[in-house]
Amino acid sequence: MRYSKLFSPTLRDTPADAEVVSHQLLLRAGFIRRVTSGVYDYLPLGLRVLRNIENIVREEMNRAGAQELLMPMVQPSEFWQKSGRWDKYGPELLRFKDRHGHESCLGPTHEEVICDLVSRELKSYKQLPMNLYQIQNKFRDEIRPRFGLMRGREFVMKDAYSFHANAECLAKEYQNMFDTYHRIFNRLGLKFRAVEADNGSIGGSASHEFHVLAESGEDLITHCSACDYAANVEKALSTPPSYQGIDAELGEVETPKKTAVEDVVSFLNVEPFTLLKTMIYVAVGGENEGQVVAACVRGTDNVQEIKLARAMGVDEVELASKEQLEAVGTVTGYAGPMSLHCPIYMDISLSDEVGLVAGANKYNFHITGLNISRDLSNITYVDLRETQVGDTCGKCGKGTMETSRGIEVGHIFELGTVYAKPMEVLFQNEQGKRDVATMGCYGIGVSRLMAAVVEQCNDDYGIMWPVNLAPFRISVITLGKSETAFAASEKIYNELLKQGVDVVWDDRKESPGVKFKDAELTGIPLRIVVGDRGLNNNALEIKTRWGDKAEASSDEVVNKALSMLAELQQENV
RNA sequence: CGGGGCGUAGCGCAGCCUGGUAGCGCAUCUGGUUUGGGACCAGAGGGUCGGGUGUUCGAAUCACCCCGCCCCGACCA
């Protein structure tokens, strides 16, 4: 490709509305442009990178025995009615009617469609197992799209669905995918971590997320310093430092305008862990919609809402309104577990704790000396608190928990029969009986990966694509306007083309600085500089995006560049 | 959905407070000089000042409404 013909609009200034580095650089380097909220154009360079990522994913999926197919973005409402998600899915599902008034939606995921397809064609256990995948655009009407490609509404996803005759077979494929994902993210040159995850609304049992480690990540993940336990904080198991309260008589104290934990604690001069934080939640979605409950943790802890929702058996919870608070007999800022008219979930770390301070359920008063087993009844102990740095590992019981930020780029699930059953994915088993297929599903955020890679691979000058992802591997930069430099460049360019290398020739009538800056900004791994100076000395500069330099004569430069490229590939930078 | 901020040329911004009919840098186009790190000179094009309504002799500027974008929050009990 000649740069003079390339549609690659780069920006000198960082667009003001881009916050994270991947968004800024992808915009500046001319890889993407915003169309509307959470929806982007992929310009030629951006598409090249996207395709490179896709192909690595594709190769590894194929190698793992999965088969690629392609399903539609538009899906009929009937499928979703059948699975039960038409009512469950919420506003993220973009629904619309066609000219005949037929209700449809844009696919945020494809369990329904794949189940429909497979249910029609699956007859016998002999056809199983099978793993089908696609790389396709998804649409989710996110509340808050942000950070460019990181959280878009329309995005590219690889989604795979496996079908099995039994759970053992599924477990095997799950492991296969687990290993495949490790290979994929390693080939992409990423620092990442697989963590145990909550299944979310998708349902099923086992589940792991794959996170690219980055400060800008939206997720908080945690791992043990001693063993291999790692999990999303949404479900992480850990033990907090143990505290022992001092038993006392139940009392009531006036705490005017003291609602925040810190205020109450300093006003009463007690330790923060003796405070019982009581939050009133209401269930959203599902059968128990509207149910109000109280969730109690220590003042030093936070309620992990996902854990609460799981304990309640609902999809989601949100904080109760003022009216809902009053309905269960409490008030804003002074909620406590005494004589509340709703179920109480208490974190297990509080079992039989004594000497606690809690809200008195009336304005400006707290109670002291609360003894849970003495003063409360009908409480349910569950794991509610969010794991904190320094907790003891819930798995090995030895190591301490550390946390880091992550960008979720992959998620695998053992679904079991949650979709196969309602969607009637049935087959005849070895005994000749009808059986429900057991499913797994495996996703990778392909376009998000593009952003995640940039988050990890950049410097002050721009993007530093790993060789295997770069839009072009080599940039031949012509300096000056001499005929000889131009002709020599063209020769090198053609030779590289002949060698099958993705090469761009910067033949523009621009100053050297502009060309160097653009090559750096767009992250081309290797550049060959062809100018009169180098030609006269018969020593052309070859430089990697990481700063390594070499020189070679005009005749040798192609071979030298190819060997340097091979080296970079070897190192998988 | 709540809170905050922003919307003026492709990008980055000034002008707004204190109304008088729009400006700077970069980018773009033309001509010329330049070519190993975002060149220089001369000239040029490009704006319904997000949209609407109102106040006013007069609105980018003031008021109200709407739209869009960005950030924060979904932790407060």
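Keep in mind that the numbers below use all heavy atoms, side chains included, and drop hydrogens, waters and symmetry copies.
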Subject >> Candidate nucleotides B/C71, B/G12, B/A77, ranked by approach to the side chain of A/A16 - the nearest >> reply: B/G12

Original post:
Any idea which heavy atoms bring A/Q291 and A/P343 closest together, and the distance?
Top reply: NE2-CG, 3.7 Å

Subject >> Euclidean distance for P, B/A60 against B/U21 (whole angstrom) >> reply: 10 Å

Subject >> Contact check, side chains of A/I477 and A/I528, non-hydrogen atoms, under 4.5 Å >> reply: no

**OP:** Name all residues meeting the ring pair (Phe, Tyr, Trp, His ring centres under 6.0 Å) criterion together with A/F155; count only those two or more places apart in sequence or in a different chain, and write none if there are none.
**Re:** none

Subject >> Nearest-Å distance once atom P is located in both B/A22 and B/U48 >> reply: 13 Å

Subject >> Geometric cation-pi criterion, A/R95 with A/W86: 6.0 Å, 45° >> reply: yes

Subject >> 5' precedence on RNA chain B between A/V261 and A/V20 (nearest-nucleotide basis) >> reply: A/V20

Original post:
Are any of the side-chain heavy atoms of A/L45 and A/L6 separated by less than 4.5 Å?
Top reply: yes

Original post:
Does A/R144 place a side-chain N or O at less than 4.0 Å from the phosphate oxygens OP1/OP2 of B/C71?
Top reply: yes

Original post:
So which nucleotide does B/A77 pair with, by the Watson-Crick or G-U wobble rule with both distances under 3.5 Å?
Top reply: none

**OP:** Please report the closest heavy-atom contact between A/D391 and A/S238, naming both atoms and the distance.
**Re:** OD2-OG, 2.8 Å

Subject >> Shortest side-chain distance from A/N302, nucleotide among B/G36, B/A77, B/C75 >> reply: B/C75

Original post:
Which part of the nucleic acid, if any, lies within contact of A/P512, taking any heavy atom under 4.0 Å across all strands shown: a base, the sugar-phosphate backbone alone, or nothing?
Top reply: base

Original post:
Given that both distances must come in under 3.5 Å, which nucleotide forms a Watson-Crick or G-U wobble pair with B/G43?
Top reply: B/C29

Subject >> Interatomic distance where CD belongs to A/E218 and P belongs to B/G73 [whole Å] >> reply: 10 Å

Subject >> Closest-nucleotide 5' rank along RNA chain B - winner of A/K515 and A/K509 >> reply: A/K509

Subject >> Base-contact (B) and sugar-phosphate-only (S) positions in nucleotides 26-33 of chain B, heavy-atom cut-off under 4.0 Å, - elsewhere >> reply: SS------

**OP:** Look at the side chain of A/D17 and the base of B/C69, then say whether one donor and one acceptor between them are separated by less than 3.5 Å.
**Re:** no

Subject >> Atom-pair distance (CD1 on A/I32; P on B/G10), nearest Å >> reply: 19 Å

Original post:
How many Å lie between CE on A/M150 and P on B/C71, as a whole number?
Top reply: 11 Å

Original post:
Nearest-Å distance, CZ (A/R34) to P (B/G7)?
Top reply: 16 Å

Original post:
How would you label the contact of A/S37 with the nucleic acid (heavy atoms, under 4.0 Å): base, sugar-phosphate, or nothing?
Top reply: sugar-phosphate

Subject >> Sugar-phosphate, base or nothing in reach of A/E305, heavy atoms under 4.0 Å >> reply: base

Original post:
How far, in whole Å, is B/G31 from B/G15 if one measures between their P atoms?
Top reply: 38 Å

Original post:
Counting any heavy atom closer than 4.0 Å, what does A/F147 reach on the DNA or RNA strands: base, sugar-phosphate only, or nothing?
Top reply: sugar-phosphate

**OP:** For A/T330, answer base if it contacts any base atom (sugar-phosphate contacts may also be present), sugar-phosphate if it contacts only those atoms, and nothing otherwise; contact means non-hydrogen atoms under 4.0 Å.
**Re:** nothing

Original post:
Reckon A/R527 touches a base, only the sugar-phosphate, or nothing at all at heavy-atom distances under 4.0 Å?
Top reply: base

Original post:
Looking at B/G38, does its base get a donor-acceptor pair with the side chain of A/R28 below 3.5 Å?
Top reply: yes

Subject >> Pairwise C1' distance for B/U55 and B/C62, with rounding to whole Å >> reply: 8 Å

Original post:
Counting any heavy atom closer than 4.0 Å, what does A/I143 reach on the DNA or RNA strands: base, sugar-phosphate only, or nothing?
Top reply: base

Original post:
Closest to the A/M279 side chain: B/A77, B/U35, B/G38?
Top reply: B/A77

**OP:** With heavy atoms under 4.0 Å as the rule, sort A/A294 into base, sugar-phosphate or nothing.
**Re:** nothing

Original post:
Under a 3.5 Å cut-off for both distances, is B/C69 Watson-Crick or wobble paired, and to whom?
Top reply: B/G5

**OP:** Considering non-hydrogen atoms only, spot the tightest contact between A/K515 and A/R508 and give its length.
**Re:** NZ-O, 2.7 Å

Original post:
Would a line drawn from the ring center of A/W505 to the ring center of A/F472 be shorter than 6.0 Å?
Top reply: no

**OP:** Please give the nucleotide sitting opposite B/C64 as a Watson-Crick or G-U wobble pair, both distances under 3.5 Å, or none.
**Re:** B/G52

Subject >> Value in whole Å for how far the P atom of B/A74 lies from CD of A/E142 >> reply: 16 Å

Original post:
At under 4.0 Å between heavy atoms, what does A/E520 touch on the DNA or RNA strands: base, sugar-phosphate, or nothing?
Top reply: base

Original post:
Which part of the nucleic acid does A/G534 contact within heavy-atom distance under 4.0 Å: base, sugar-phosphate only, or nothing?
Top reply: base

Original post:
Between B/C75, B/C69, B/G38, which nucleotide has the shortest distance from any of its atoms to the side chain of A/V514?
Top reply: B/G38

Subject >> Interatomic distance where CD belongs to A/E19 and P belongs to B/G73 [whole Å] >> reply: 11 Å

**OP:** Using the P atom as the reference point in each nucleotide, state the distance between B/C66 and B/G4 in Å, no decimals.
**Re:** 15 Å

Original post:
At under 4.0 Å between heavy atoms, what does A/G359 touch on the DNA or RNA strands: base, sugar-phosphate, or nothing?
Top reply: nothing

Original post:
Quick one: is B/C72 close enough that its OP1 or OP2 comes under 4.0 Å of any side-chain N or O from A/R146?
Top reply: yes

Original post:
Is there a Watson-Crick or G-U wobble partner for B/A14 with both distances under 3.5 Å, and if so, which one is it?
Top reply: none

**OP:** Check every strand shown and say whether A/D532 touches a base, only sugar-phosphate, or nothing at a heavy-atom separation below 4.0 Å.
**Re:** nothing

Original post:
Considering all heavy atoms of both residues, which atom of A/M312 and which atom of A/A283 are nearest to each other, and what is their separation?
Top reply: CE-CB, 3.9 Å

Original post:
Rounded to whole angstroms, how far apart are CD1 on A/I306 and P on B/A74?
Top reply: 13 Å

Original post:
Of A/V195, A/D219, A/L220, A/I306, which meets side-chain contact (heavy atoms from CB on, under 4.5 Å) against A/V233?
Top reply: A/L220

Subject >> Shortest non-hydrogen contact from A/I280 toward A/L340 >> reply: CD1-CD1, 4.1 Å

Subject >> Nucleotide forming a Watson-Crick or wobble pair with B/G37, both distances under 3.5 Å >> reply: none

Original post:
The side chain of A/K543 lies closest to which of these nucleotides: B/G37, B/U35, B/A77?
Top reply: B/G37

**OP:** For nucleotides B/G23 and B/C41, find the distance between their C1' atoms and express it as a whole number of Å.
**Re:** 23 Å

Original post:
Mind checking the C1' distance from B/G20 to B/C1? Whole angstroms is fine.
Top reply: 43 Å

Original post:
A/I372 versus A/L356: any side-chain heavy-atom pair under 4.5 Å?
Top reply: yes

**OP:** Round to a whole Å and report the spacing from CG of A/L340 to P of B/A77.
**Re:** 15 Å

**OP:** For B/C57 versus B/C64, give the span between their C1' atoms, rounded off to a whole number of Å.
**Re:** 22 Å

Original post:
Reckon A/S511 has a side-chain N or O less than 4.0 Å from the OP1 or OP2 of B/U35?
Top reply: no

Original post:
A/P15 side chain: which of B/G38, B/G36, B/C11 is closest?
Top reply: B/C11

Subject >> N/O donor-acceptor pair, side chain A/R533 with base B/G37, under 3.5 angstrom >> reply: no

